[in-house]
Number of protein chains: 2
Amino acid sequence: MKIGTLEKRSGLTTHTIRYYERIGLLPMAPRDQSGHRDYDETTLAWIEFLGHLKATGMPIKDMLVYAQMRMQGDESGQSRHDLLVQHRTTVRAHIAKLQACLTVLDGKISNYAKTISKSEMKHHAASN
Amino acid sequence: MKIGTLEKRSGLTTHTIRYYERIGLLPMAPRDQSGHRDYDETTLAWIEFLGHLKATGMPIKDMLVYAQMRMQGDESGQSRHDLLVQHRTTVRAHIAKLQACLTVLDGKISNYAKTISKSEMKHHAASN
DNA sequence: CTAGAGGTTTGAGTGCACTCTAGGTCAAGA
DNA sequence: TCTTGACCTAGAGTGCACTCAAACCTCTAG
């Protein structure tokens, strides 16, 4: 698969794909006879997983650590497990915080709703 | 209340407080005779609310819109309400996405856990 | 055979949200 | 009186995660 295809299938731009390779998030892609990158399906799965880490707020630094361990092979299984467990804790805390904020937001919104319906009543009364 | 006190009570640095004022997120604080900012409790409440917007991922641009409406006074009640309702939708979607990612993460983690316990069994068998 | 689409590299530029620096003023305590 | 510390302004610098530019190469269709 060429980089343009991967762009369409992964949702990353070619710019970002090359950038990820440059910094080590993606392994150096094998090149064809004319020097063009040639990807297989596993890259797509890896990018998808990186997307999950990114979506849950993991900084690139940390993804890099995970990527390094992944390149080290099987012996890093425990460390990768630990890193993900650690990250999961962070994500859970983040969700909890968002939900708390959502509650505040709800309160604020219903406050506005009350104020608005009151001012509607006033207008209604005035127009009678 | 002086800016140093507000720093302690709000959790923002004085740098950030002045920056927020510069860009219009905080109203120009009244100054005392020597030109120092003098805050009251309402500023603290406002900063706290800004914190909720920030924590839920609202960009400063949007907070600025809300801040402008707030300065316009009561007539902006409806717009402020609408903005918050809009934002709430965004936040809910964000939480849903995080939870979906969390599920993926859980799957990955239990996969690692399985692999690790298998390799433990192998080591155990080898050491027997 | 030539235009155009898509690939390559290195390095510079962008947008966001701060964060810090330099150079100054001012009030209170030793 | 002198020093210390908290405050002031304008503007420069930082870190993150891209994003784009310039100059070049290579395959394919008309």
Side-chain angles (χ1 to χ4, degrees), chain A residues 1-40 43-44 46-68 87 90 94 97 101, chain B residues 1-40 43-44 46-68 87 90 94 97 101:
Chain A
M1 182 190 338
K2 288 203 279 183
I3 198 170
T5 312
L6 187 61
E7 165 169 54
K8 267 159 206 122
R9 295 187 58 194
S10 71
L12 297 183
T13 68
T14 57
H15 293 308
T16 304
I17 294 168
R18 291 198 201 94
Y19 164 69
Y20 276 7
E21 179 177 311
R22 236 187 359 240
I23 65 173
L25 259 193
L26 291 177
M28 286 287 286
R31 312 303 164 109
D32 66 14
Q33 66 289 349
S34 55
H36 295 186
R37 291 169 179 80
D38 183 23
Y39 296 98
D40 61 9
T43 308
L44 195 59
W46 173 235
I47 287 178
E48 225 166 281
F49 183 62
L50 286 178
H52 290 311
L53 296 182
K54 178 165 142 58
T56 48
M58 186 184 283
I60 284 190
K61 253 177 201 245
D62 295 3
M63 294 193 221
L64 232 39
V65 171
Y66 188 87
Q68 296 307 315
H87 180 57
T90 308
H94 185 200
K97 173 144 208 188
C101 286
Chain B
M1 183 188 341
K2 288 202 280 183
I3 199 171
T5 311
L6 187 61
E7 165 169 54
K8 267 158 207 124
R9 293 187 59 193
S10 71
L12 297 181
T13 67
T14 57
H15 292 309
T16 303
I17 294 168
R18 290 199 203 94
Y19 164 69
Y20 277 5
E21 179 177 310
R22 223 173 28 226
I23 65 173
L25 260 194
L26 292 176
M28 285 288 285
R31 313 300 164 113
D32 65 15
Q33 65 290 349
S34 55
H36 294 186
R37 290 168 179 82
D38 183 22
Y39 296 98
D40 61 10
T43 307
L44 195 59
W46 173 235
I47 288 179
E48 225 166 279
F49 183 62
L50 285 178
H52 290 311
L53 296 182
K54 177 165 144 57
T56 49
M58 186 184 282
I60 282 188
K61 254 177 200 243
D62 295 3
M63 293 193 222
L64 232 39
V65 171
Y66 187 88
Q68 296 306 317
H87 180 56
T90 307
H94 186 199
K97 172 146 212 189
C101 287

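Protein chains get the first letters and strands the later ones, always in sequence-line order, with residue 1 at the start of each. Not measured: the values here are computed from a predicted model. These values consider heavy atoms only, across backbone and side chains, with no hydrogens, waters or symmetry-generated copies.
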Q: Step by step, would you call A:Met1 with A:Arg37 a side chain to side chain contact (heavy atoms under 4.5 Å, CB included)?
A: CA-CA 8 Å; A:Met1 182 190 338; A:Arg37 291 169 179 80; over 6 Å; no

Q: To check you understand the geometry: which heavy-atom pair defines the closest contact between B:Glu7 and B:Thr13, and what is its length?
A: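 Here B:Glu7 and B:Thr13 meet closest at OE2-CA, 3.3 Å.
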
Q: List in chain and number order the residues that pass side chain to side chain contact (heavy atoms under 4.5 Å, CB included) with A:Asp38, two or more places apart in sequence or in another chain; answer none if no residue qualifies.
A: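 A:Asp38 satisfies side chain to side chain contact (heavy atoms under 4.5 Å, CB included) with no other residue.
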
Q: Minimum heavy-atom separation for B:Lys97 and A:Ala55, please, with both atom names.
A: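 Smallest heavy-atom distance, with atoms named: CE-CB, 4.2 Å.
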
Q: Do any side-chain nitrogens or oxygens of A:Tyr20 fall under 4.0 Å of OP1 or OP2 in D:dC18?
A: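 Yes, A:Tyr20 has a side-chain N/O under 4.0 Å of OP1/OP2 on D:dC18.
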
Q: Fit a plane to each ring of A:Trp46 and A:Tyr66, take the angle between them on a 0 to 90° scale, and name the class: parallel (under 30°), tilted (30 to 60°) or perpendicular (over 60°).
A: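 Geometry flag for A:Tyr66 against A:Trp46: parallel rings.
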
Q: At the 4.0 Å heavy-atom cut-off to chain B, mark where contacts on DNA chain C begin and end, going 5' to 3'.
A: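 Range of nucleotides within reach of chain B: C:dC16 to C:dA27.
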
Q: Given atom NE2 of A:His15 and atom C1' of D:dA22, what is their separation to the nearest angstrom?
A: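 Whole-Å distance recorded here is 12 Å.
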
Q: Got B:Met63 and B:His87 here, is their nearest side-chain heavy-atom distance under 4.5 Å?
A: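 No, every pair of side-chain atoms sits at 4.5 Å or beyond.
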
Q: Considering only heavy atoms, which members of residues 53-60 of chain A lie under 4.0 Å from some atom of DNA chain C?
A: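 By residue number: none to list.
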
Q: For B:Arg18, which residues count as a salt bridge (charged side-chain N to carboxylate O under 4.0 Å, His left out) partner, sequence neighbours excluded?
A: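 Partners of B:Arg18 by the salt bridge (charged side-chain N to carboxylate O under 4.0 Å, His left out) criterion come out as none, since no residue qualifies.
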
Q: Output one letter per nucleotide in nucleotides 1-10 of chain D: B when a protein non-hydrogen atom lies under 4.0 Å from the base, S when only the sugar-phosphate is that close, - when neither is.
A: ------SSB-

Q: Please report the C-alpha distance between B:Leu6 and B:Ile47 in whole Å, then the side-chain angles of each, then the deciding distance to 0.1 Å, and finally whether the side chain to side chain contact (heavy atoms under 4.5 Å, CB included) criterion is met.
A: CA-CA 10 Å; B:Leu6 187 61; B:Ile47 288 179; 3.8 Å; yes

Q: Would you say A:Tyr39 and A:Ile17 make side-chain contact, with heavy atoms under 4.5 Å?
A: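 Touching, per the 4.5 Å side-chain cut-off.
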
Q: Report, one line per pair, each donor and acceptor closer than 3.5 Å where one atom sits in a side chain of residues 22-33 of chain A; sequence neighbours left out.
A:
from	atom 1	to	atom 2	distance (Å)
A:Arg31	NE	A:Ala29	O	2.8
A:Arg31	NH2	A:Glu21	OE2	2.6
A:Asp32	OD1	A:Ser34	N	2.9
A:Asp32	OD1	A:Ser34	OG	3.2
A:Asp32	OD1	A:Gly35	N	3.2
A:Asp32	OD1	A:His36	N	3.0

